[in-house]
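Remarks on the structure that follows.
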Amino acid sequence: MRAVRSPPAEAKDVMFNGLLFFPITPYLDDGEVDLDELAAHIGRGVDAGAGGVFVACGTGEFSALEPGEYGEVVRAAVAAIGGRVPVYAGAGGPVRTARRFSDLAAAAGADGVLLLPPYLTEASGPGLVAYVREATREDLPAIVYNRANARFDERSAVAVAQLPQVIGFKDGAGDLDLMSRIVRAVRDEVDHNSFLFFNGMPTAEVTQRAYRAIGVPLYSSAAFAFAPRIALGYYDALEAGDLATLEALERSFYHPLARLRARGAGYAVSLIKAGVELAGHPSGGVRPPLTEVAPEHREELARILAAGLDALPDTVAADPMTTGR
């Protein structure tokens, strides 16, 4: 019998229209969080056309933020966005720590949380379901991230989808076979048509055509943080079925970016911050244990960025709302 679930009692209708923006967390010269630049960075992204903002998540170095900083980051994001698009914040770590971050996100005005994997432990399906239940709040929507040591199967994915606060499932594992079965199982067993599925691979555009084919329409764009024109150009081409533009951008930008990302540990974050700096904005670098991008890789990133911009259709490159290289 199909299970019936209800969304969180106090939740707004969650609508993500367009690209999902995962901002960096910039730092000052003394290593403290630069809240003014964070607000400016987020404002630029929303003005360019982001359909949702996920602050203090993977790209935002959630693992490097202590709770006080985290609360300030989320509050700054909420203020900068001013209700224009949904704001989700990262939460994770040991179960009670994750719940504390969920509480901080709610207090700061976030619309929901992206629940990251638990800290350095293995878990069975029932254990992961219990983790989601105890780490989140029933009055705050949650998206569950499937990656690393938090790997769900069909049964456990259905079980978390039945929790009233869980509105979505994000895949960062890249197992399309399993993900297609999870999508089908959740759709078959959970009577809630607005349940959301996301592609959360590090350079999601590389796999998004495949994810879309199995029923995963939403994706997070790391490139949007430093190359909004390219990211929006790809998204528009995907929506329009413009195969020529998709292939041109994959060939010139996304595939080279993915190859470069694989050349350094932690480059999924470090490269994005280097890209923000190449776009003319401060990032403050990364906190340990992440390391900065090697000089030769920064130069390669600049070449990749230029090639991606050159591959854009003229109408995208000239759009005044998507300036900012």
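Salt bridge status for Glu300 with Arg263: present, with a side-chain N to carboxylate O gap under 4.0 Å. Ion pair Arg151/Asp171 not flagged as a salt bridge, since none of the NZ, NE, NH1 or NH2 atoms sits closer than 4.0 Å to an Asp/Glu carboxylate oxygen. Salt bridge annotation for Arg133-Glu138: absent, with no cationic side-chain nitrogen under 4.0 angstrom from a carboxylate oxygen. Between Asp139 and Arg137 there is a salt bridge, since a side-chain N of the basic residue sits under 4.0 Å from a carboxylate O of the acidic one. Glu61 has a carboxylate O that lies under 4.0 Å from a charged side-chain N of Lys273, or vice versa, which qualifies the two as a salt bridge.
Side-chain contact of Tyr235 with Gln208: a donor-acceptor pair under 3.5 Å is absent, judged by distance alone. Inspection of the Thr207 and Asn199 side chains reveals an N or O donor paired with an N or O acceptor under 3.5 Å.
Nearest approach of Leu249 to Ala311, heavy atoms of both residues: CD2-CB, 3.9 Å. Taking each heavy atom of Ala204 and Ser220 in turn, the nearest pair found is CB-O, 3.2 Å. When every heavy atom of Val160 is checked against every heavy atom of Phe152, the shortest pair comes out as CG1-CE2, 3.7 Å. Summarising the geometry of Gly51 relative to Leu20, their closest heavy-atom pair is C-CD2, 4.4 Å, with the distance given to 0.1 Å.
The backbone N or O of Ile81 sits less than 3.5 Å from a side-chain atom of Arg84, completing a donor-acceptor pair. Arg261 contributes no side-chain N or O that, together with a main-chain N or O of Tyr267, makes up a donor-acceptor pair within less than 3.5 Å.
At a threshold of 4.5 Å between non-hydrogen side-chain atoms, the residues Leu238 and Arg212 count as touching. Within the 4.5 Å cutoff, side-chain heavy atoms of Tyr131 are placed close to those of Leu115.
Summarising the local packing, CD of Glu122 is surrounded by 12 or fewer heavy atoms from other residues, nucleotides or ligands at distances under 6.0 Å. For CG of Asp29, the number of neighbouring non-hydrogen atoms (other residues, nucleotides, ligands) closer than 6.0 Å is 12 at most. The 12-atom threshold is not exceeded at CZ of Arg100, counting heavy atoms of other residues, nucleotides or ligands nearer than 6.0 Å. Counting heavy atoms of neighbouring residues, nucleotides and ligands inside a 6.0 Å radius, atom CZ of Arg155 does not exceed 12 of them.
Two rings, from His41 and Phe21, have their centers less than 6.0 Å apart.
Rounding to the nearest 0.5 Å places CZ of Arg298 at 7.0 Å from CD of Glu292.
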